[in-house]
Structures are given as structure tokens and as C-alpha cells.
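Start at 1 and go down the list; that is how both ligands and their atoms are numbered.
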Amino acid sequence: MALPQTYRKMMVTSLSTNFRKAIEIQRPSLPKLSGSAILVKNRYVGINASDVNFTAGKYNPGTHPPFEIGFEAIGEVVDAGDESKHLIGSSVAHMSGGTFSEYQKLQPSRVFKIPSAKPEYLPLLVSGITAKLALDMNAKLRAGEKVLITAAAGGTGQFAVQLAKLAGCHVIGTCSTAKKVEFLKSIGCDRVINTSEEDLKTTLKKEYSSGIDVVYETVGGKTFDTCVNALNLGGRLIVIGYISGYQESMPVGGTSARSLSALPIKLLMKSASVCGFFLLSYPQKWGEAFKSLSELYADGKLRSYVDQGINRDGGNLEGIDGIADAVDYMYSRKSIGKVFVDLCPDQSSKL
Ligand code: NAP
């Protein structure tokens with residue numbers, strides 16, 4: 001494959017939760033390779049709710065732009081230093097920072113080899129690994145337990161639903177559209193709560209008065225409060241995120257932080273627990289989790305849903321300029337499964 005001299009790469013050039021305002025597309029020269037370094041051509045990149053936390057510098061307080069952005073990609077090794085020539089042509093998945101870029105220079109230890117570069121491997125990265133590790137490490141699911149998953153039809157929610165079903169649990173998922181209700185039923189949700197039509201608190205009180213054993217909580221705010229109040233004796237709530245607050249400009253722990261003074265008594269009386277799970281805390285566990293998810297996927301036990309903009313006006317999300325549109329699409333709450341962008345749809349290589 002003939003390589004270009006320059007390529008397009010997204011950089012965060014000012015701190016903002018407004019993704020478009022924060023980023024710029026730059027055109028650097030292709031990096032030089034030596035030793036074991038490889039050059040990956042990123043084909044598919046995954047969009048994450050936390051991309052707007054990252055552009056705002058919330059995960060790295062004190063960081064100053066410019067810095068790279070993008071958490072995950074599927075691509076192909078297109079060039080390599082002398083020690084890694086054998087990897088040229090391999091399809092790879094990776095979670096190296098800075099994936100919103102047409103090319104990336106990486107070390108082979110940073111990539112997972114995959115059978116072919118198809119978008120369905122993308123959700124098994126950030127979204128799938130988060131669900132797997134959080135449920136394995138923090139939820140310790142037992143068959144028959146009642147598990148509530150908020151934003152269940154999204155990138156990570158789809159895996160929390162399926163993994164909890166594989167563990168033999170009764171799974172309740174929340175979402176906000178009729179299409180998502182159908183999707184969640186198709187992946188095994190026992191009860192779907194469409195929060196545009198039903199009040200979560202009322203439904204949980206009415207149908208699950210004995211309490212919820214485990215909550216995979218991604219929304220925050222009032223939803224978090226409702227979920228804490230719904231916990232059963234010995235219940236576990238895992239804070240996966242708080243998307244309802246991501247577009248606020250407040251720093252993490254800023255003055256809008258909610259009062260926690262009622263939490264001790266609530267947890268104490270139910271011997272319940274609330275814990276956080278943050279994927280970036282456990283890089284040493286990513287490889288094993290990805291392997292396990294890939295095996296479940298290959299065996300047909302786990303499905304992986306991707307969304308290139310199917311429910312949006314404006315067609316498929318394509319090219320590096322399509323990334324900002326993809327972030328808007330995710331925040332429109334219309335996406336189902338993992339939102340992704342095809343960086344080079346006209347590519348004629350084997351990808
Ligand atoms: P996603 O679920 O694919 O998309 C976001 C979904 O959140 C929307 O479709 C929407 O679904 C729901 N939502 C609820 N309230 C919303 C609001 N006020 N604004 C926008 N969306 C809202 O996104 P994702 O990337 O997989 O992330 C989901 C959550 O998991 C986020 O909180 C994210 O930070 C978290 N996460 C955490 C980690 C970690 O390491 N802890 C890793 C990956 C993801 P409905 O309209 O159907 O509710």
C-alpha cells in the first residue's frame with residue numbers, strides 16, 4: 001500500500017465540554033519508524049460518552065492543550081520497523097490514546113490481533129471491557145439476582161445486559177425510545193423501562209418492591225438517587241458514569257457536586273454498597289478481558305451492535321470530520337449500540 005506523506009489527526013486545542021469548540025483537525029507528516037514500532041492505519045473509531053469529559057480536561061486536571069483524543073480503533077498494520085515487519089497486513093484492535101487520527105505509530109504490545117478488521121470488534125474494546133470488568137470485579141453476580149442497567153441500549157449497556165443474562169440474572173434495562181425497547185428485548189432484557197413513557201421510580205416501587213440486587217449505573221443525577229433508593233439488602237450499585245452531567249462545564253467534584261450526607265444511612269440500613277469503576281484504572285486487565293469477550297463473540301454467545309448513524313438525518317458517519325457529528329449523534333439519545341465512524345470509507349485495501 002502506498003503511504004501518504006501527511007495524514008489527518010484530531011487534536012484538542014482548547015478545553016471545553018463542547019466537542020466542536022475544543023477540537024481542530026491537523027495535518028502532520030507520517031512518523032518515522034524504527035525498531036519494533038508499527039504504523040496502524042485506523043479504519044473504524046469508537047465514540048464514547050466521555051469524549052466530552054476528555055476535551056474538557058476533566059480526566060487530567062491541570063492538563064493543557066494541545067493533546068490527542070480518541071480512546072479506541074480497529075485498523076491494519078501498514079508499515080513497521082525492522083523488528084516488526086512480520087506484522088504488516090495484520091488486523092488489529094487497540095485502545096491507545098489519540099485514535100481520532102488516520103494513522104498512529106504504536107508499539108506491538110499496545111494492539112490486540114483480530115481475525116479481520118470489522119467494526120463489530122470495536123464495541124468489545126472500551127464498552128465491552130468496561131461491562132465485563134465492572135461486573136466481574138464489583139458486581140459478583142449470582143444467578144437469579146435482579147440487575148438494573150441504565151442506558152441499557154448504548155455502547156456499554158448492551159454488554160452489561162448480555163453478560164448479566166449469561167450469568168443467569170433477571171435483567172431490567174432503561175432506555176428512552178420505542179426502537180431501543182425492541183432492541184433490548186431482542187438481546188434478552190426481561191423488563192425494559194422506557195423512561196420517556198414510564199417513571200423509573202414508580203415502576204421500580206411497583207414491580208420490584210423487594211429491591212434490586214445490582215445496578216450498573218451510567219446516567220447519574222436523579223437516576224442515581226432512584227437507583228440507590230431501590231437497592232435490596234446487600235445490594236451493589238456500580239457507578240459507571242453520570243452522562244446527564246457530562247455537558248456541564250463544572251470540573252469533577254465542582255460546586256454542583258450533590259450532597260452525599262444522606263448516603264451513609266441509606267447504605268448502612270441495607271448493608272448495601274456503592275462503588276465506582278473506571279476502565280483507565282485497570283490497563284493490565286484489558287487484554288484478558290478483550291480475549292474473553294472475543295471468544296464469546298466468536299462462539300455466538302455475545303452479540304456486538306454497532307451504529308454508524310442509522311437513526312440520524314445526514315447518513316453514515318464518515319471521515320475524521322464525521323467524528324464531531326458522531327458525538328452529537330450520541331448525545332441526541334437516538335443511537336443504539338456502539339456509535340462509530342468509518343475514517344476511510346473509500347479505501348480500496350482489503351479492509
Ligand atoms: P451510550 O450508552 O452509547 O450513549 C449514551 C446514552 O446515554 C444515550 O443513548 C442515552 O440513552 C443515555 N442518556 C441518559 N441520559 C442522557 C443525557 N442526559 N444525555 C445524553 N444521553 C443520555 O454511551 P457510552 O459511551 O456507552 O457510555 C454510557 C455510559 O457509560 C456513560 O456514562 C459513560 O461515561 C459510561 N462509561 C464508563 C466507562 C468507565 O470506565 N467507567 C467506560 C465506558 C462507558 P437513553 O436515552 O436510552 O437513556
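- Minimum interatomic distance between Val306 and Pro123 (heavy atoms only, all atoms of both residues): CG1-CG, 3.4 Å.
- Remark: Leu15 pairs with Pro65, Phe67 by the side chain to side chain contact (heavy atoms under 4.5 Å, CB included) rule, at least two apart or across chains.
- Taking 4.0 Å as the cut-off between side-chain N and carboxylate O, Glu207 and Arg191 count as a salt-bridged pair.
- With respect to the salt-bridge test (charged N to carboxylate O, under 4.0 angstrom), the residues Glu68 and Lys9 qualify.
- Residues with a heavy atom under 4.0 Å from ligand 1: Asn48, Ala49, Val126, Thr130, Ala151, Gly154, Gly155, Thr156, Cys175, Ser176, Lys180, Thr218, Val219, Ile240, Gly241, Tyr242, Ile243, Ser244, Tyr246, Phe277, Phe278, Leu279, Met330, Tyr331, Arg333, Gly337.
- Remark: Leu33 CG is packed, more than 12 non-hydrogen atoms of other residues, nucleotides or ligands lying under 6.0 Å away.
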> Hey, mind stepping through Lys338 and Asn48 against side-chain hydrogen bond (donor to acceptor under 3.5 Å, both in side chains) and telling me if it holds?
Replying inline: CA-CA 8 Å; Lys338 177 92 200 175; Asn48 286 283; 2.9 Å; yes
